[in-house]
2 protein chains.
Amino acid sequence: MAKLADFISNVTLFKGLPKEQIDKLSKIAVVHGYRRGEEIFSDGERANGLYVLFLGRVKIFKLSSEGKEQILHIIEPGEPFGEVAVFSGKTFPAHAEALEESKAIFFPRGAFVGLITQDPYLAMNMLAVLSGRLKYFTRLVEDLSLKEVPQRFASYLLSGSDLKDKRQVHLNIAKGQLASLLGTIPETLSRILGKMVSEGLITVQGRKITVLNRDALEGIASGRKALI
Amino acid sequence: MAKLADFISNVTLFKGLPKEQIDKLSKIAVVHGYRRGEEIFSDGERANGLYVLFLGRVKIFKLSSEGKEQILHIIEPGEPFGEVAVFSGKTFPAHAEALEESKAIFFPRGAFVGLITQDPYLAMNMLAVLSGRLKYFTRLVEDLSLKEVPQRFASYLLSGSDLKDKRQVHLNIAKGQLASLLGTIPETLSRILGKMVSEGLITVQGRKITVLNRDALEGIASGRKALI
DNA sequence: CGTTCTGTTGAATACCTTCAATTCGCGTGG
DNA sequence: CCACGCGAATTGAAGGTATTCAACAGAACG
């Protein structure tokens with residue numbers, strides 16, 4: 001299990017922990033595999049621990065009574081999920097499903113809480129993770145309530161092409177899933193993509209989007225400009 | 001300052017802490033007063049600590065570029081606020097403003113973090129607080145994205161009249177503020193109230209709302225029924 | 001008792017969704 | 001290697017919910 005301990009020591013949540021703690025964590029860890037589309041846990045289900053994604057991609061989402069879905073998070077390898085239920089309430093507050101073949105490490109609640117109370121460093125890391133999530137949700141609420149869909153999409157695009165002014169953005173999820181993440185439906189997103197293309201702001205080839213006019217996109221993201 | 005220590009020991013965040021810790025907390029605490037409408041901190045402002053509300057009522061909110069507001073939270077006495085910035089990033093993720101004459105206890109970041117690393121109990125309490133907030137936001141996102149305004153309002157009403165089947169709900173904030181909390185505007189809320197009254201579901205006298213037909217409201221809250 | 005903020009009501013509009021019909025893309029199997 | 005089939009994506013037309021703008025009524029406060 002050297003490989004597992006190795007991975008664990010590189011997870012942000014566990015960064016900076018002494019080797020001894022990493023070993024303890026490895027001992028209580030259980031690895032689960034999931035196929036594309038498989039449910040990991042469901043909203044309201046009793047929670048007995050938390051997960052850290054090892055491989056693949058997982059979506060955390062809510063479902064309406066009519067079956068419409070709102071994605072809260074796309075989890076990437078190294079990120080924890082299902083952590084809320086460990087510290088408050090005893091049930092998961094949303095659904096989790098593998099978007100592709102995935103592996104996740106499961107940490108049973110009791111043992112994990114034990115480690116946290118013994119290691120202030122781990123506690124601080126966990127507090128940082130939860131705070132980061134809260135900040136993210138704050139922005140999500142802001143987007144859903146105060147911005148229109150083109151604004152949200154423009155922000156999404158720009159945040160994905162932030163680093164080293166690369167113009168190419170490769171969507172890591174299907175367009176329909178992106179729509180759900182942006183709080184809309186595939187049709188609406190498709191129309192917005194179409195408009196942006198016809199205005200010369202971007203080009204789209206499957207999941208590959210090229211930003212042609214960054215300034216205009218920033219104008220839309222900030223609400224200063226609108227799509228025609 | 002016996003009174004302050006007394007209050008602090010009754011705050012959920014500090015529940016179960018030994019007297020010694022409470023004393024330390026009292027020593028690093030600073031009390032601030034705010035008048036109605038006064039800003040406590042603003043979005044993006046550098047954060048040097050967290051607050052616990054002592055008296056009054058505080059709204060945590062986001063503003064759009066056009067000035068529309070979305071309330072994230074109404075803080076009641078005993079609740080902490082501004083805590084996210086202590087553990088992640090260094091700036092407040094939203095605005096805070098006193099809705100009425102208020103007093104808040106301020107805990108400087110460094111000293112507070114020091115106490116947390118010394119007391120696992122305090123750390124666990126803080127984790128529980130953050131998790132609770134996350135759960136709350138999960139529901140807020142769900143409401144904004146997957147439910148219509150009448151549904152949100154019906155849920156709000158019912159959660160306010162939950163205990164001991166009391167039919168009277170007294171709004172603790174102005175209707176305009178409630179609209180902002182529900183992710184809409186005063187006009188829309190007013191129309192919904194009007195419809196519910198004319199359908200005989202409720203009566204409204206200022207801030208006093210009486211539930212006449214709980215079943216119908218539950219139908220609306222769950223999305224099974226609609227308003228005419 | 002007047003001024004100001006809060007709440008209400010109406011008409012027009014905007015944005016997004018719904019529904020339905022195609023088209024595209026891709027993996028599977030012949 | 002090509003054809004088939006199925007889910008994903010696109011496009012059009014119609015409809016619905018909420019917002020905007022504007023005017024007015026009412027409550028709160030000094």
Side-chain angles (χ1 to χ4, degrees), chain A residues 35-37 59 64-71 97 99-101 143-154 171-198 202-209 220 223 225-228, chain B residues 35-37 59 64-71 97 99-101 143-154 171-198 202-209 220 223 225-228:
Chain A
R35 354 192 123 266
R36 170 189 163 86
K59 68 171 170 182
S64 78
S65 49
E66 290 99 33
K68 197 191 162 192
E69 139 189 322
Q70 168 70 46
I71 295 181
E97 182 186 309
L99 284 173
E100 42 189 85
E101 189 84 18
D143 283 359
L144 290 173
S145 172
L146 303 175
K147 296 180 181 172
E148 294 171 357
V149 184
Q151 283 191 66
R152 296 178 218 161
F153 175 67
L171 304 180
N172 56 6
I173 49 176
K175 292 204 186 92
Q177 297 293 298
L178 176 56
S180 166
L181 183 62
L182 296 176
T184 186
I185 56 176
E187 291 96 317
T188 300
L189 177 58
S190 183
R191 286 180 231 278
I192 288 166
L193 283 169
K195 279 188 190 173
M196 285 188 173
V197 168
S198 72
I202 57 174
T203 63
V204 181
Q205 291 156 313
R207 288 194 181 184
K208 212 169 63 190
I209 297 181
I220 291 172
K225 269 188 54 173
L227 278 179
I228 310 156
Chain B
R35 358 194 119 262
R36 171 189 163 86
K59 68 171 171 183
S64 78
S65 49
E66 289 98 32
K68 196 191 162 191
E69 136 187 326
Q70 168 70 47
I71 295 182
E97 182 185 310
L99 285 172
E100 42 189 83
E101 189 83 19
D143 283 358
L144 290 173
S145 172
L146 303 176
K147 295 181 182 171
E148 295 171 355
V149 184
Q151 283 191 67
R152 296 178 218 161
F153 174 66
L171 304 179
N172 56 5
I173 48 177
K175 291 203 185 94
Q177 296 293 297
L178 175 56
S180 167
L181 182 63
L182 295 175
T184 186
I185 55 175
E187 292 95 317
T188 300
L189 178 57
S190 182
R191 285 181 234 279
I192 288 166
L193 284 169
K195 278 188 189 173
M196 286 189 172
V197 168
S198 73
I202 58 173
T203 62
V204 181
Q205 293 155 311
R207 288 195 180 183
K208 211 169 61 191
I209 296 182
I220 291 173
K225 271 187 51 173
L227 277 180
I228 309 158

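Every chain is numbered from 1, with letters handed out A, B, ... down the list of sequences.
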Participant: Give the rounded distance in Å between these two atoms: CG of B:Leu171 and C1' of C:dG7.
Facilitator: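 Distance check: B:Leu171 CG to C:dG7 C1' gives 13 Å.
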Participant: Rounded to whole Å, please give me the gap between CG in B:Leu189 and P in C:dT9.
Facilitator: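 That distance rounds to 12 Å.
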Participant: Should A:Thr184 be listed as having a side-chain N or O under 4.0 Å from OP1 or OP2 of C:dT17?
Facilitator: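 The answer is yes; a side-chain N or O of A:Thr184 sits under 4.0 Å from OP1 or OP2.
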Participant: Figure out the CD1/C1' separation between A:Ile192 and C:dT17, and round it to whole Å.
Facilitator: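 It works out to 12 Å between those atoms.
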Participant: Has B:Ser65 got a side-chain atom pairing as donor or acceptor with A:Gly223's backbone, closer than 3.5 angstrom?
Facilitator: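 Checked: no pair found.
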Participant: Side chains of A:Ile192 and A:Leu227: closer than 4.5 Å at any heavy-atom pair?
Facilitator: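 With C-beta onward as the side chain, the pair touches.
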Participant: Is there a donor-acceptor contact under 3.5 Å from the side chain of A:Arg152 to the main chain of A:Lys147?
Facilitator: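 Side chain of A:Arg152 to backbone of A:Lys147, a donor-acceptor pair under 3.5 Å: yes, one is there.
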Participant: Using a distance-only criterion (donor-acceptor N/O pair, under 3.5 Å, no hydrogens), is the base of C:dG10 paired with the side chain of B:Arg191?
Facilitator: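 Indeed, a donor on one side and an acceptor on the other fall under 3.5 Å apart.
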Participant: Do A:Ile209 and A:Leu171 have side-chain heavy atoms sitting under 4.5 Å apart?
Facilitator: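 Yes, at least one pair of side-chain atoms sits under 4.5 Å.
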Participant: For the pair made of CZ in A:Phe153 and C1' in C:dC15, what is the distance, rounded to whole Å?
Facilitator: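 Result: 18 Å.
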Participant: Quickly work out the A:Lys147 NZ to C:dC15 P distance and round it to whole Å.
Facilitator: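 Between P of C:dC15 and NZ of A:Lys147: 17 Å.
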Participant: Anything under 4.0 Å to a heavy atom of chain A counts; send over the first and last such nucleotide of DNA chain D, read 5' to 3'.
Facilitator: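 Listing 5' to 3', DNA chain D meets chain A from D:dA9 to D:dA13.
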Participant: State whether A:Glu69 and A:Lys59 are salt-bridged, where the test is any N-O pair (Lys NZ or Arg NE/NH1/NH2 against Asp/Glu carboxylate O) under 4.0 Å.
Facilitator: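 Judged by the 4.0 Å cut-off on N to carboxylate O distance, A:Glu69 and A:Lys59 do form a salt bridge.
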Participant: Considering just the side-chain nitrogens and oxygens of B:Lys175, establish if one lies under 4.0 Å of OP1 or OP2 belonging to C:dT8.
Facilitator: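 Checking C:dT8 against B:Lys175, a side-chain N or O does come within under 4.0 Å of OP1 or OP2.
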Participant: From CG of B:Leu144 over to C1' of C:dC16, roughly how many Å is that when rounded to an integer?
Facilitator: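 Distance, rounded to whole Å: 16 Å.
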Participant: Do the side chains of A:Leu99 and A:Arg36 get nearer than 4.5 Å, heavy atoms only?
Facilitator: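 No, every pair of side-chain atoms sits at 4.5 Å or beyond.
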Participant: Report the residue (B:Gly183 or A:Pro186) whose heavy-atom-nearest nucleotide on DNA chain D is the more 5′ of the two.
Facilitator: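 Between the two, 5'-proximity favours A:Pro186.
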Participant: Closest approach of B:Pro186 and B:Ala179, non-hydrogen atoms and distance?
Facilitator: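 Residues B:Pro186 and B:Ala179, closest heavy atoms: N-CB, 3.6 Å.
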Participant: Whole-Å distance between C:dT4 P and B:Arg36 CZ?
Facilitator: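 So the two atoms are 16 Å apart, to the nearest Å.
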Participant: Tell me the bend of the helix from C:dC1-D:dG30 to C:dG30-D:dC1 as the angle between end helix axes, each from five pairs, rounded to the nearest 10 degrees.
Facilitator: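 The helix from C:dC1-D:dG30 to C:dG30-D:dC1 shows an end-to-end axis angle of 40°.
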Participant: Atom CD of B:Glu187 and atom P of C:dA12: how far apart are they, to the nearest Å?
Facilitator: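 Atom-to-atom, B:Glu187 to C:dA12, this comes out as 17 Å.
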Participant: Is a donor on one side and an acceptor on the other found under 3.5 Å between the side chain of B:Lys195 and the backbone of B:Ser190?
Facilitator: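 Not a single qualifying donor-acceptor pair exists.
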Participant: Determine whether A:Leu189 and A:Ile185 make a side-chain contact, defined as any pair of heavy atoms from C-beta on separated by less than 4.5 Å.
Facilitator: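 The answer is no; the side chains never approach within 4.5 Å.
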Participant: At under 4.0 Å between heavy atoms, what does A:Lys68 touch on the DNA or RNA strands: base, sugar-phosphate, or nothing?
Facilitator: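 The answer is sugar-phosphate, as A:Lys68 gets under 4.0 Å only of primed atoms, P, OP1 or OP2.
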